[in-house]
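Taking it in order: structure first as structure tokens, then the write-up.
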Amino acid sequence: MDPEPYKNFINGEWVEGRSGDVLEDRNPADTRELIGIFQRSGARDVEDAVAAAECAYRSWRLTPAPRRAEILFRAARMLQDRKEELARDMTREMGKVLLESRGDVQEAIDMAYYMAGEGRRLYGQTTPSELPNKFAMSVRMPVGVCGLITPWNFPMAIPSWKILPALVCGNTVVIKPAEDTPLSCYHFVKIVSEAGLPRGVLNLVAGTGPDAGEPLVTHPAVRLVSFTGSTEVGRRVAELCAPVFKHSNLEMGGKNVLMVMEDADLELAVDGAVWGGFGTTGQRCTAASRVIVQKKLYKEFVEMLVERAEALKVGNGLDPNVQVGPLINRDQLNRVQQYVQIGINEGARLMCGGHAIDHGQYACGFFHEATVFSEVSPKMRIAREEIFGPVVSVIPCDDLESAIEIGNGVRYGLSAAIYTRDVNKAFTAMRDMYTGIFYVNASTIGAEIHLPFGGTKDTGNGHREAGTAALDVFSEWKSIYVDYSGRLQRAQIDTFSP
Ligand code: UN1
């Protein structure tokens, strides 16, 4: 018998979608397991949710930020108490190994504590005026109703990156989680609401991008859209927002590079490539899908990487021995297979992996071997396009300058890493890589929540998430001048003589 469907959360109540249509959330490691049934929401559900958020905004924006933050503190503790159970559900619906799901929940906990702390900061500036008896300051004000659209690869962390700064700044929210992983967002929204949010402040509508995401983006009362997902959909969001100058905060693709210099600690660099390339089955925006290795080390590096990749255990993420879970769905698996074929056709050398795994216990999941290509040239599509799967392309290079040139030679600019013991090389790369995130002697994945997260070029549109940078997305500056001179004072015109 099918379970009770999970409902949308609108104006503090759990409600069915208007159409009555539903979506299934299935386990990508074994699609026979139904995780839950969710509402397939449409424009009318979005309208209800936005109306609730608009109404709640009137008093939420006036609630003192430290009071708003107390709710986030409570939510952080509730998430912490339920971490294990939340992580297990995440692995069941998303596939990533349990260790990583715990990390995903932890990232949301970290964000909750951090943004709760911001409730007593939300710093603006006070600065002297150029005129006497005049006071100048800037304060952050909320934007209004925020429409949030989140992906399936970090099903709780990414909603937390958007929801929590939005709330602490005094905005109200409607979130549409990815249709592949609505349960983790459902849990998150439920916990944050139960921590004490007034009705209507946070609303959730489940559904697909076209049915629910697009009406949310185009709704006139939504003042800000924050989206994480593909560059193609991000472009569409930007186009829909542009005519009415709606704020859009876009986090999109990556083709991140790990550069290994000939003086690197080889073992450490291989560790970084394995973790960055195959962690989360390569399904991170920050995944190290390109590894550039200086020629002197190239052969040895590839041999070591291949040996480690071949030894990775692929399977159900709930099994503690498994290191690589399934892809999220059939389309992603097909995409990975297509790219493997593209790599072969382009003349790259397939060193290991390259196949879907679909026998025996794997038959009902979307598994794929950890795959390494060597002899990859920077012009090949596998070296330029985001694959979002367990495929690593190893590219030879002559020196640091050529590594940087190749590294920067893609349309994305999220994360990059260098392995070297030479401080001069490290600092040169740190300066010259045009990415939003850079690592020295650490892999391309593993950003911490109190620093800005995001990228350049086709990765983003100039904003950053997390850290205090998130406050810049979810608030607007208001500069305030208070003239207590009792007379007309003209800036830039009147001069002050003591
Ligand atoms: C993503 O892949 O979209 O830095 C987010 C990292 C994680 C977040 C990744 N903390 O890899």
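Start at 1 and go down the list; that is how both ligands and their atoms are numbered.
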Subject >> Residue portion contacting ligand 1 (non-hydrogen atoms closer than 4.0 Å) for Asn153 >> reply: side chain
Original post:
Salt bridge check: are Glu214 and Arg236 linked by an N-O gap of less than 4.0 Å?
Top reply: yes
Subject >> Within 6.0 angstrom of Arg120 CZ, more than 12 heavy atoms from elsewhere >> reply: no
Original post:
Regarding Arg464 and the six-membered ring of Trp161, is the cationic atom NZ or CZ under 6.0 Å from the ring centre and inside 45° of its axis?
Top reply: no
Original post:
Counting only N and O atoms by type, is there a donor-acceptor contact under 3.5 Å from the side chain of Thr172 to the main-chain atoms of Ala53?
Top reply: yes
**OP:** Could you find the nearest protein heavy atom to atom 4 (O) of ligand 1 and give me its residue, atom name and distance?
**Re:** Ala447 N, 2.7 Å
Original post:
Do any nitrogen or oxygen atoms of Ile445 lie less than 3.5 angstrom from nitrogen or oxygen atoms of ligand 1?
Top reply: no
Original post:
Which protein non-hydrogen atom lies closest to atom 1 (C) of ligand 1, naming both residue and atom, and how far is it?
Top reply: Cys285 SG, 3.4 Å
**OP:** Consider every N or O of Thr286 and every N or O of ligand 1, then say whether any pair is closer than 3.5 Å.
**Re:** yes
**OP:** Could you tell me whether Lys162 sits above the aromatic face of Phe474, with NZ or CZ closer than 6.0 angstrom to the six-membered ring centre and within 45 degrees of the axis?
**Re:** no
Subject >> Which residue and heavy atom of the protein sit nearest atom 6 (C) of ligand 1, plus the separation >> reply: Gly446 N, 3.3 Å
**OP:** May I ask you to check if ligand 1 and Tyr439 share an N or O to N or O distance below 3.5 Å?
**Re:** no
Original post:
Which residue supplies the protein heavy atom nearest to atom 7 (C) of ligand 1, what is that atom called, and how far is it?
Top reply: Arg284 NH1, 3.6 Å
Original post:
Using heavy atoms and a threshold below 4.0 Å, how should the contact between Ile158 and ligand 1 be classified: side chain, backbone, both, or neither?
Top reply: side chain
Subject >> Lys96 and its side chain to side chain donor-acceptor pair (under 3.5 Å) partner, picked from Thr281, Thr91, Thr280, Asp104 >> reply: Asp104
Original post:
Step by step, would you call Glu84 with Arg102 a salt bridge (charged side-chain N to carboxylate O under 4.0 Å, His left out)?
Top reply: CA-CA 7 Å; Glu84 191 60 25; Arg102 289 189 191 117; 2.8 Å; yes
Subject >> Part of Glu448 with heavy atoms under 4.0 Å of ligand 1, whether side chain, backbone, both or neither >> reply: neither
Subject >> Ring center gap for Tyr439 and Trp275 short of 6.0 angstrom >> reply: no
Subject >> Nearest non-hydrogen protein atom, atom 9 (C) of ligand 1 >> reply: Phe154 CE1, 3.6 Å
